[in-house]
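Input: a single structure, listed below in structure tokens.
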Amino acid sequence: TSGVEFAQIDAEQLPFPDNTFDCVSIAFGLRNVTHKETALKSMHRVLKPGGRLIVLEFSEVKGALFKKTYDIYSFKLLPLMGKLVANDEESYRYLAESIRMHPNQEKLKNMMVEAGFERCEYFNLTHGVELVLIVEHGRVEAFTLLGDGMDDDRVTVVLSLAQRRFHGFNVVPINRADVLDVEVRK
């Protein structure tokens with residue numbers, strides 16, 4: 001990808017100046033950070049006012065039947081598949097255990113607020129197996145895409161639009177600020 005630099009860095013001590021980025025995203029990585037509160041404060045620090053943090057992570061499953069099924073899959077089938085396919089049962093057992101140890105939706109949302117973020121919202125995907133959490137650094141008057149009752153498809157749209165905004169596009173609300181009627185302009 002031209003114009004994009006990749007680096008392996010410490011999420012707890014991001015080596016960037018304050019107010020650098022419009023968007024910071026982390027997918028299936030926050031769960032592995034030792035000091036999550038420190039990492040969230042570091043992410044908040046490097047975001048410009050009005051910037052967004054987007055987190056995609058495993059989370060707490062909702063619904064008793066689905067939770068039982070997911071537990072059997074996570075603790076029995078997943079390690080077995082890891083052993084058979086990758087000859088690595090322990091990594092897949094760790095995956096299931098780390099997901100259960102990670103803060104649930106509300107705890108993670110509260111951690112975001114404590115780190116200084118505003119407008120903290122999360123959306124469960126697949127009954128809570130995955131979670132999309134979107135938070136803001138400060139207030140944005142002209143760019144608010146999120147409303148209540150969003151379904152999985154609409155969350156995907158939000159992520160796509162947020163990425164387009166991050167890569168030089170402007171996303172302009174057409175109607176009310178709480179609906180996803182938007183126009184994307186270069």
Side-chain angles (χ1 to χ4, degrees), residues 7-64 66-67 70-71 74-75 78 91-141 143-152 154-163 165-166 177-178:
Q8 185 174 353
I9 55 177
D10 183 351
E12 296 175 19
Q13 298 176 12
L14 296 175
F16 305 105
D18 295 0
N19 305 315
T20 300
F21 300 104
D22 294 316
C23 181
V24 172
S25 65
I26 184 168
F28 304 112
L30 188 59
R31 173 177 39 86
N32 295 313
V33 173
T34 304
H35 302 103
K36 292 170 184 51
E37 296 87 355
T38 304
L40 293 172
K41 287 178 183 173
S42 185
M43 292 174 200
H44 184 270
R45 179 186 60 75
V46 301
L47 277 171
K48 293 177 183 175
R52 294 212 170 156
L53 169 62
I54 302 173
V55 176
L56 176 62
E57 189 56 84
F58 292 111
S59 197
E60 184 178 74
V61 175
K62 301 298 178 189
F66 194 77
K67 184 174 179 356
Y70 186 65
D71 282 347
S74 297
F75 289 107
L78 190 61
S91 292
Y92 291 88
R93 187 173 312 285
Y94 164 78
L95 175 63
E97 291 169 357
S98 70
I99 291 168
R100 297 319 185 280
M101 298 298 294
H102 188 65
N104 69 17
Q105 292 88 326
E106 282 299 318
K107 287 180 186 172
L108 191 55
K109 179 180 173 181
N110 290 335
M111 290 170 67
M112 300 287 188
V113 171
E114 289 173 18
F117 289 101
E118 298 176 12
R119 295 187 185 181
C120 301
E121 300 182 80
Y122 67 84
F123 307 94
N124 288 320
L125 307 176
T126 322
H127 298 282
V129 172
E130 301 94 10
L131 160 77
V132 175
L133 199 136
I134 303 175
V135 296
E136 285 184 5
H137 179 293
R139 292 185 58 88
V140 176
E141 297 304 326
F143 182 71
T144 304
L145 290 174
L146 303 178
D148 294 331
M150 295 178 69
D151 59 22
D152 292 1
R154 294 177 77 187
V155 171
T156 302
V157 170
V158 170
L159 290 173
S160 173
L161 291 172
Q163 289 168 349
R165 179 174 183 253
F166 185 67
D178 64 342

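All values derive from a computational prediction rather than experimental measurement.
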Any S59 side-chain heavy atom under 4.5 Å of H102 side chain: no
Atom of S42, atom of L14 and distance for their closest heavy-atom approach: OG-N, 3.0 Å
Residues, nucleotides or ligands: over 12 heavy atoms within 6.0 Å of K62 NZ: yes
Distance-minimising heavy-atom pair for F21 and V24: CB-CG2, 4.3 Å
Test item: P17 and V46 side chains (from C-beta on) under 4.5 Å apart, heavy atoms: no
CD (E106) with more than 12 external heavy atoms under 6.0 Å: yes
N/O donor-acceptor pair under 3.5 Å between E57 side chain and G29 backbone: yes
I26 vs M43, side chain to side chain contact (heavy atoms under 4.5 Å, CB included): CA-CA, chis, key distance, verdict: CA-CA 10 Å; I26 184 168; M43 292 174 200; 4.2 Å; yes
Close side-chain approach of D22 to R52, heavy-atom, < 4.5 Å: no
Student check: side-chain heavy atoms of N19 and P49 closer than 4.5 Å: yes
Student check: side-chain heavy atoms of V55 and Y122 closer than 4.5 Å: no
Interatomic spacing from CG in L47 to CG in D18 - rounded to 0.5 Å: 11.0 Å
Gap between atom NZ of K41 and atom CE of M111 - 0.5 Å precision: 10.0 Å
SB check D71 R100 (cutoff 4.0 Å): yes
F58 vs R31 side-chain heavy atoms within contact, under 4.5 Å: yes
Ring center gap for F117 and H44 short of 6.0 angstrom: yes
OG-CG distance between S25 and L56, expressed to the nearest 0.5 angstrom: 9.5 Å
Check against side chain to side chain contact (heavy atoms under 4.5 Å, CB included), L40 and M112: CA-CA 7 Å; L40 293 172; M112 300 287 188; 3.5 Å; yes
For the student: nearest non-hydrogen atoms of K109 and C120, plus distance: CE-O, 3.1 Å
Any donor-acceptor N/O pair, N104 side chain to K107 backbone, under 3.5 Å: yes
Whether over 12 other heavy atoms sit under 6.0 Å from Y70 OH: yes
Nearest-0.5 Å distance, CE of residue M101 to OH of residue Y94: 10.0 Å
Side-chain heavy-atom pair V33, E12 within 4.5 angstrom cut-off: yes
L78 backbone acceptor or donor facing R93 side chain under 3.5 Å: no
Flag side-chain contact, heavy atom, 4.5 Å: L133 against I54: no
Check: F16 main-chain N/O paired with T20 side-chain donor or acceptor under 3.5 Å: no
